[in-house]
> 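If you scroll down you'll find the structure; I have some questions about it.
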Amino acid sequence: MAIRFYCTNCGQKIKAQDDMPGMKIACPSCRERQVVPQPAIAKSTQRDDHQALKMAAHFDAKDYATTPIGYHNDRKKGQSPDDHSEPLNQVKKKRIARGSLYFFFILAFIPLGIDVYQNKDDNLIKEIEQSIQNDLRGEKQRKAYKTLEEAKKGHATLDEILEFFPNKKLKSAWLPRDTDLHFYLAMLATIGFLVTVCTCLPKGFTRAPLMLIIGIFTAIFGIGSLMILQILAMSGWGMVVAGPFGIIIYMIGICYRAIMHPDLPFITYLLSFTFGVGLCEEIIKALPIFIIFLGRSRMRWHECCALGMASGIGFGIAEGIHFSETMYNGLCDQQIYFVRFISCVMLHAIWCAAAALFLHRHQRLTHGRMSVLEGFNRLFILIAIPMVLHGLYDAFITKHMDGLALAVALFSFGWLVLMIESAREKEGDILVQVPNLSAEGTPLHIQPAPSIESDPSTHATSPSPV
């Protein structure tokens, strides 16, 4: 007779041969190695006549009106109808306090809230003009004005303008243009987010190595792929080299070109950011999670959330390094670095984690064989909501509607809360083994006889079937 038991990691029912007690086998769902338990020893159902008569005197039909305690009938679909054996162990889902610590993630939006409250003027050109007027004199001032005019036409860079300032930085700037300090900020942010996510999610530290691998993958391969995609889209070569995706890349190029014109209507900006920046970045972040689900049929909700956040954190950190090198260094104060390396990174992590939990809820998106185009369609379904939220946030920020951008960030966190709580309600935070399961899970016909020393008044009025 086969030995049946439950996986203590994911709750999957496992079947093993009757000669395998004590051996380790892999769970077919989560691949976690499980020890095959010893089979339960069925007690004899034969009783002498004297014992049978004593039991009959305590018979009550109401005792058999419902399913007896311990006789569980939650068999999976596909199990043989004549298979009446029960697993030797049982696991139950349990919610713990640590499963609610993810609410601390919202604290990452404090820098963004401070920035919105201060309501600074983010007009970079005006700030550079004021710095040239106040901090430069004579020939340097004249050349700086001339270089700024060339930069407005696209014939000069910010580095050429900052050459005229001491230490290649404006007086109000935090870091000089030629510095590596933003890499140390990125390192601190990476460590801080990794520790925070692992602490606030159940069994978070067990997934730390895989989280680190996914974050590095997205930060290097993801950002590199995004830059190649942007070059193809902006140059028009996507129609030539991308095959069936050529028209998609061509439309992305139109969106990227549109966001370079700040005088366009808001709805145009919104559509451009949604189907340009939002589409590309959310697919890049969700791709490693999608690939992992292709190889594994089941993960717990906190595992999906942790891996999704790791991918978003890796992308957000890499994006922060890029913006620091090209825009912030030598020009901006420290507030923008806190927003970029804390609030924006958390926002990327929230969008990607929500997509991972959506995939956890609809795992059929990764089932079966699929072509590249069909895989793209399923990815599009997966990132549809984060893509729209991403487009809304970028459009509001670009149009200097910072209050509405903060509202989108808070709504994004609410969407993550909804996804997490629905997953927690379904499968809990941890799985614990129920004690004495070999007895509790034993069918009625092989359970030991009830003790006759129980309270005699319990069934005093019960009719005797004899």
Side-chain angles (χ1 to χ4, degrees), residues 1-43 70-80 82-96 98-99 197-199 201-214 217 288-308 310 356 359-360 363-364 366-367 423-424 426-443 446-447:
M1 180 177 177
I3 300 174
R4 290 173 173 81
F5 60 100
Y6 288 104
C7 173
T8 57
N9 182 52
C10 67
Q12 171 69 32
K13 184 182 286 187
I14 305 175
K15 178 181 178 181
Q17 299 297 325
D18 55 1
D19 58 349
M20 297 176 65
M23 299 177 62
K24 290 185 177 181
I25 62 174
C27 172
S29 178
C30 69
R31 312 308 300 170
E32 185 81 14
R33 296 184 67 81
Q34 302 288 322
V35 178
V36 179
Q38 294 289 337
I41 300 176
K43 295 183 180 286
Y71 192 81
H72 308 289
N73 197 24
D74 53 348
R75 307 183 186 279
K76 284 193 171 184
K77 293 182 180 180
Q79 185 175 345
S80 175
D82 57 348
D83 186 359
H84 299 289
S85 61
E86 292 293 324
L88 299 178
N89 71 330
Q90 179 87 350
V91 290
K92 66 178 181 179
K93 307 172 180 67
K94 184 178 180 181
R95 292 167 67 102
I96 59 176
R98 190 176 176 182
V197 172
C198 290
T199 303
L201 293 178
K203 296 185 178 181
F205 286 97
T206 61
R207 291 294 173 185
L210 185 56
M211 288 172 61
L212 196 58
I213 292 173
I214 290 178
F217 175 85
I289 311 301
F290 191 82
I291 293 174
I292 289 176
F293 267 86
L294 288 176
R296 295 186 69 172
S297 59
R298 180 177 176 83
M299 286 192 295
R300 305 297 305 284
W301 74 263
H302 43 80
E303 294 175 313
C304 298
C305 186
L307 299 184
L359 184 58
H360 170 264
Q363 296 187 30
R364 64 181 182 274
T366 59
H367 293 172
R424 291 183 71 199
K426 183 178 180 181
E427 64 177 44
D429 298 333
I430 59 173
L431 298 175
V432 295
Q433 284 189 294
V434 180
N436 302 324
L437 274 189
S438 59
E440 289 184 10
T442 305
I446 60 174
Q447 286 185 4

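Keep in mind that the numbers below use all heavy atoms, side chains included, and drop hydrogens, waters and symmetry copies.
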> Does any N or O in the side chain of Arg98 come within less than 3.5 Å of the main-chain N or O of Thr199, such that one atom is a donor and the other an acceptor?
yes
> So which atom in Gly99 and which in Pro202 form the shortest heavy-atom distance, rounded to 0.1 Å?
CA-CG, 3.8 Å
> Test your reading of the model: is there a side-chain donor-acceptor pair from Trp301 to the backbone of Gly428, 3.5 Å cut-off?
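Flag set: sc Trp301 to bb Gly428 pair under 3.5 Å.
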> Going by the rule ring pair (Phe, Tyr, Trp, His ring centres under 6.0 Å), which residues pair with Phe217 if we only count those two or more places apart in sequence or in a different chain?
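Residues passing ring pair (Phe, Tyr, Trp, His ring centres under 6.0 Å) with Phe217: Phe221.
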> Gly308 and Ala356: which non-hydrogen atoms are nearest, and at how many Å?
CA-CB, 4.1 Å
> With side chains defined as the heavy atoms from C-beta onward, is the minimum distance between Arg300 and Leu431 less than 4.5 Å?
yes
> According to salt bridge (charged side-chain N to carboxylate O under 4.0 Å, His left out), who are the partners of Arg95, at least two apart in sequence or on a separate chain?
Glu421, Glu425
> Are any of the side-chain nitrogens in Arg424 or Asp429 under 4.0 Å away from the carboxylate oxygens of its partner?
yes
> State, yes or no, whether a side-chain contact exists between Leu201 and Arg207 at a heavy-atom distance under 4.5 Å.
no
> Give, for atom CD1 of Ile430 and atom NZ of Lys93, the distance between the pair rounded to the nearest 0.5 Å.
12.5 Å
> Using modelled atom types and a 3.5 Å cut-off, is there a donor and acceptor pairing between side-chain atoms of Gln34 and backbone atoms of Lys24?
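Looks like no, no N/O pair under 3.5 Å.
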> Given the rule in the side-chain contact (heavy atoms from CB on, under 4.5 Å) test, do Lys15 and Ile3 qualify, once you have shown the distances and angles that lead to the verdict?
CA-CA 6 Å; Lys15 178 181 178 181; Ile3 300 174; over 6 Å; no
> Between Pro37 and Pro21, which heavy-atom pair has the shortest distance, and what is it?
O-CB, 3.9 Å
> Nearest 0.5 Å, what's the CD1-CD1 distance between Ile214 and Ile289?
4.5 Å
> Only one of Ile291, Leu359, Ile292 forms a side-chain contact (heavy atoms from CB on, under 4.5 Å) with Thr366, so which one is it?
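Only one option passes, and that is Leu359.
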> Give, for atom CD of Glu303 and atom OG1 of Thr206, the distance between the pair rounded to the nearest 0.5 Å.
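Spacing of CD (Glu303) from OG1 (Thr206) equals 6.5 Å.
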> Working to the nearest 0.5 angstrom, can you tell me the gap between Phe205 CZ and Met211 CE?
9.0 Å
> Between Met20 and Ile25, is a side-chain contact (heavy atoms from CB on, under 4.5 Å) present by the stated rule, with each step listed?
CA-CA 9 Å; Met20 297 176 65; Ile25 62 174; 3.3 Å; yes
> Check for a donor-acceptor pair, side chain of His360 on one end and backbone N or O of Cys304 on the other, with a separation under 3.5 Å.
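Between the backbone of Cys304 and the side chain of His360 there is no qualifying donor-acceptor contact (under 3.5 Å).
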